[in-house]
Amino acid sequence: MTVHDQQPRPPRPHRPRSRVLVPAVTLVVLLVSTVLLAGCAVRSTAHGGIDRGGRTAASATGRAGGETPRDASVFDDSLPAVNRLDPGLLSAVRHAAEDAADDDVDFVLNSGWRSAAYQDQLLRDAVDEYGSIGEAARWVATSETSAHVRGDAVDIGSWDAATWLSDNGAAYGLCQVYGNEGWHFELRPEAVDEGCPRMFVDPTQDPRMQR
């Protein structure tokens with residue numbers, strides 16, 4: 001046996017435990033992140049955020065953005081214009097529609113919830129029609145101020161239905177808000193006991209439009 005053979009062999013390198021734990025920790029982090037992101041997506045969808053197609057409700061157009069077919073029903077839950085309305089408003093409108101039907105008056109939903117993109121489109125169309133943003137503002141709000149974008153307003157047709165609701169809406173907490181828009185109604189729960197507040201001549205007099 002040589003002197004070289006008698007020397008002890010160097011110890012086998014020790015693998016730090018941290019290298020073993022890193023993949024496991026990374027996997028746990030990824031799993032937790034995935035669950036959290038999925039939860040956020042579900043909450044966003046429920047509040048008008050990201051939809052199943054990855055788009056935001058605010059940028060949706062066409063039927064998904066709140067456009068309604070002719071003779072749209074306030075009972076049609078398949079329409080975003082209906083199912084994205086404030087629940088209290090929708091309940092009041094449906095109650096009123098049921099009672100109006102007893103008087104042979106049918107409610108048609110001309111407009112309900114609208115996406116921001118649809119509202120912006122309507123405002124551009126109004127500017128083209130009326131010639132200026134100032135005149136258009138008497139009829140169409142911006143997407144930042146519109147009660148429709150918040151799901152807090154409905155436009156009711158026909159004229160018979162709008163007239164019926166103007167005459168009887170306070171009993172359901174539904175009030176015409178603007179003198180120049182006989183079709184536009186919003187929920188005012190206090191109106192059941194106190195009656196509807198005085199109307200604005202048009203939206204330009206509404207403090208909410210000045211934001």
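By convention here, the first residue in the shown sequence is residue 1. Only a predicted model underlies this, so the values are computations on that prediction, with no experimental measurement involved.
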Would you say H148's side chain and W113's backbone share a donor-acceptor pair under 3.5 angstrom? no
So which atom in A116 and which in S143 form the shortest heavy-atom distance, rounded to 0.1 Å? O-CB, 3.7 Å
Please report the shortest heavy-atom distance between E186 and H184, naming the atom on each side. OE2-NE2, 2.8 Å
Gap between atom OG1 of T142 and atom CG of L122 - 0.5 Å precision: 12.0 Å
Filter on disulfide bond (SG atoms under 2.5 Å apart), then keep only pairs touching residues 83-164, sequence neighbours left out; what's left? none
Within one Ile-Leu-Val-Met-Phe-Trp-Tyr cluster: W183 and V74, side-chain cutoff 4.5 Å: no
Hydrophobic cluster identity match, F200 and M209, side-chain contacts under 4.5 Å: yes
Shared ILVMFWY cluster between I156 and L85, side chains joined below 4.5 angstrom? yes
Which heavy-atom pair separates L109 from T68 by the least distance, and what is that distance? O-OG1, 3.5 Å
Full working for side chain to side chain contact (heavy atoms under 4.5 Å, CB included) between I133 and L123: CA-CA 8 Å; I133 186 65; L123 182 56; 3.9 Å; yes
Are any side-chain N or O atoms of N83 and backbone N or O atoms of D77, one a donor and one an acceptor, separated by less than 3.5 Å? yes
Closest non-hydrogen atom pair between A137 and P203, with its separation: O-CB, 3.7 Å
For the OG1 atom of T61 and the CG atom of D120, what is their distance to the nearest 0.5 Å? 12.0 Å
Honestly curious: do V108 and L79 fall in one hydrophobic cluster under the side-chain, below-4.5 Å linking rule? no
For the pair Q119 (side chain) and A141 (backbone), establish whether a donor and an acceptor sit closer than 3.5 Å, ignoring hydrogens and angles. yes
Would you list the atom pairs, donor with acceptor, under 3.5 Å between side chains in residues 165-181 and any protein atom, with sequence neighbours excluded?
residue: S166; atom: OG; partner: Q176; partner atom: OE1; Å: 3.1
residue: N168; atom: ND2; partner: W164; partner atom: O; Å: 2.8
residue: Y172; atom: OH; partner: D99; partner atom: OD2; Å: 2.7
residue: Q176; atom: NE2; partner: Y178; partner atom: O; Å: 3.0
residue: Y178; atom: OH; partner: D206; partner atom: OD2; Å: 2.6
residue: Y178; atom: OH; partner: R208; partner atom: NH2; Å: 3.3
residue: N180; atom: ND2; partner: R138; partner atom: O; Å: 2.9

Rounded to the nearest 0.5 Å, how far does CG of D152 lie from CZ of F185? 15.5 Å
I'd like to know if L89 and F75 are part of one continuous hydrophobic network [Ile/Leu/Val/Met/Phe/Trp/Tyr, side-chain heavy atoms within less than 4.5 Å]. yes
CD/E144 to CZ/R150 distance, rounded to the nearest 0.5 angstrom? 11.5 Å
Test T204 against D202 for side chain to side chain donor-acceptor pair (under 3.5 Å), laying out the working first. CA-CA 6 Å; T204 62; D202 60 51; 2.3 Å; yes
For V140 and A126, which heavy atoms make the closest approach, and how far apart are they? CG2-CB, 3.7 Å
For S115 and A60, indicate whether the former's side chain and the latter's backbone hold a donor-acceptor pair under 3.5 Å. yes
